[in-house]
Amino acid sequence: MIMQRTAWGLVEMRARGARHWRYPLVVIGLLSPVAQAGAQGISAQPPSVTVRDNDDAPLRATGNLPGLGGYPGRGLSLGATFAGRYESNLGRQGGDAAGFRLRPQADMRYGLALGRQGLYVEGTIGRDIILGSDVIPDRNRYSAGAGLAYQLSRCTGQLGASWQKSLAFETDALAFGGFEQERRNFGLSASCRLSAAISLEGSVIRQLVETSQRQFDPFGFNSWTYTAGLGFGSAALGRFSLSGALTNSEMPGRLVVTPDGLLEDGLRQKSLRLGYQRKFGSRISLGLGVSYIDSQPKFDESILIIGGVPQLVPREGFSGLGYDVALDFVLSPRLSIDLTAARSSFVNPVVGAQLTVANNYAAAVNYRLNERYSVAAGASFRRNDFRGGFVSELEPFLRDSDQFDRFFGQFTAKMGRRLRIALDVTHNRRRSDPQVFNFSSTGAGINLGLDFGGSR
């Protein structure tokens, strides 16, 4: 990502080249340090160190609307990537066999400047090829989107829509890659500077998540998210923000037995966040926030119809504190360290529960050997507590909690202007309640990327 200041002193985020990314559920404003699945998120820039062994949304905010990469600049960018991975436990389940995941993919982005406005379209087409598993099918993966990055007087913002269809390779999924999802996103965000120190921000996001197989319908949901915030501060003091979010989610595949008959289940989530963001010289960037989150079921009744079968499901919600911390150190022109911690609550489309309360901790170290070569290493730890769990064909036992640990090392190389190569080694481990969902897996991957054209 490239960050530039516009004529109004606002931050404009631009992506260089084509890339594919997955879907945060909430985005609050262009200047906001908040973007999170449900109510609270991570400030500061996303770390540059990544390993493509899953399709998780980035832990830190990108500033873009869900499913979109943002205005890339004028012109056409074309790219081709190939990701190949060996995993000792391909499906991330107990006793699963080793195998390979191969993913060829082509990307396209085109940007058109219309005065101060930037119109763009983007898309990808690829395929997940699985060797060594009868559980994970081969499937195509698609994405398409269009957006408008606008600047009107003192306001900047984004308007856009996106569509994605692919196998679900999220970390939390028990049936890792075993089912296909389709996601549609629509969004509008705006940030208006009232003075040199004060800005107002807001967004409206619509998200629809569906599964391609009827037996997996209980994992789908539709949601509306509304956010509003106030930002104030200066370069010397740092930037403070006060923001609120309201998310209404409906689960069409889960029916609740009520006195009024069968009704679609739902979740209502409200949050209030106080945030702070500052750079200390050129070497330290800090972003932090404290949130109060209230997530409650739409109905108190506890008998649900899941896949045509009645179940007694606990209706506990979550009310409590969330937090987010992003701390980046540039120790030298070659060496940098990224630290991240967060607690949040959100609807999870790959877990058999009404909501997930997640605690995340991550650290990454990046060392640039020279202009072409760099190495990186990192670790992340995630604790999931699931509320309102149910039994389904995907999850035959109630899942109460998970502890997911991940370690990685990576070597990257730029071979000229067009070709990129990355080699990595990873180890993933889940310790679950119940233990039947435990697994561990060691993997090695190669990623090749080739870019054509370019934005300007």
Side-chain angles (χ1 to χ4, degrees), residues 1-14 24 26-36 39-48 58-64 70 149 151-158 189-203 226-245 270-293 321-333 335-344 360-364:
M1 302 296 294
I2 305 171
M3 296 191 70
Q4 298 179 335
R5 291 200 174 267
T6 68
W8 297 105
L10 303 180
V11 175
E12 179 185 72
M13 302 184 71
R14 297 175 56 191
V26 180
V27 171
I28 302 182
L30 292 179
L31 288 178
S32 173
V34 182
Q36 135 255 349
Q40 140 277 335
I42 304 299
S43 56
Q45 280 292 90
S48 58
L59 183 57
R60 296 190 186 181
T62 65
N64 296 317
Q151 180 173 318
L152 303 172
S153 184
R154 292 180 176 268
C155 297
T156 64
Q158 300 181 44
S189 66
S191 178
C192 299
R193 186 168 290 276
L194 304 182
S195 67
I198 301 176
S199 64
L200 293 175
E201 328 174 322
S203 67
Y226 310 91
T227 67
L230 173 67
F232 51 94
S234 65
L237 296 176
R239 186 159 189 84
F240 297 87
S241 62
L242 180 64
S243 56
K270 298 174 288 185
S271 71
L272 184 66
R273 177 184 183 272
L274 177 64
Y276 177 71
Q277 189 172 10
R278 185 182 176 185
K279 295 193 68 174
F280 298 87
S282 60
R283 295 186 179 272
I284 301 176
S285 296
L286 171 66
L288 56 87
V290 177
S291 308
Y292 179 77
I293 306 170
L321 292 179
Y323 59 86
D324 55 274
V325 181
L327 185 58
D328 299 335
F329 299 92
V330 180
L331 302 182
S332 74
L335 179 63
S336 63
I337 299 175
D338 304 317
L339 303 175
T340 304
R343 188 189 198 203
S344 61
N360 288 281
Y361 309 94

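Being a predicted model, the structure only gives us computed values, none of them experimental.
- Judged by distance alone, the side chain of R273 and the main-chain N or O of V290 form no donor-acceptor pair under 3.5 Å.
- In this structure, F280 CZ and L286 CG are separated by 5.5 Å, a value rounded to the nearest 0.5 Å.
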- Task: Assess whether side chain to side chain contact (heavy atoms under 4.5 Å, CB included) is satisfied between I337 and L327, documenting all intermediate values.
- Result: CA-CA 8 Å; I337 299 175; L327 185 58; over 6 Å; no
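- With no hydrogens or angles considered, a side-chain donor-acceptor pair links S203 and T227 at under 3.5 Å.
- Summarising the geometry, atom CG belonging to L194 is positioned 8.0 Å from atom SG belonging to C155; distances are rounded to the nearest 0.5 Å.
- Under the 3.5 Å distance criterion, the side-chain polar atoms of Q151 are left unmatched by any main-chain donor or acceptor of G157.
- Rounded to the nearest 0.5 Å, atoms OG (S191) and CZ (R154) are 12.5 Å apart.
- In this structure, D328 pairs ionically with R60, as a charged nitrogen and a carboxylate oxygen lie closer than 4.0 Å.
- Separation of atoms CG (D324) and OG (S291) is listed at 6.0 Å; rounding is to 0.5 Å.
- Although no hydrogens or angles enter the test, the distance criterion places a donor-acceptor pair under 3.5 Å between the side chain of T62 and the main chain of N64.
- Summarising the geometry, atom OG belonging to S285 is positioned 9.5 Å from atom CG belonging to D338; distances are rounded to the nearest 0.5 Å.
- Taking all atoms of both residues into account, the shortest heavy-atom contact from L59 to A362 is CD2-CB, 4.4 Å.
- With values rounded to the nearest 0.5 angstrom, I293 atom CD1 is found 8.5 Å from L321 atom CG.
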- Message: Is there a side chain to side chain contact (heavy atoms under 4.5 Å, CB included) between T340 and Y361? Walk through the geometry before answering.
- Response: CA-CA 6 Å; T340 304; Y361 309 94; over 6 Å; no
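- The two residues A363 and L339 come nearest to each other via the heavy atoms CB-CD2, 3.6 Å.
- Under 3.5 Å, the side chains of S199 and R239 contain a donor-acceptor pair of N or O atoms.
- Smallest separation of non-hydrogen atoms from I284 and F329: CG1-CD2, 3.9 Å.
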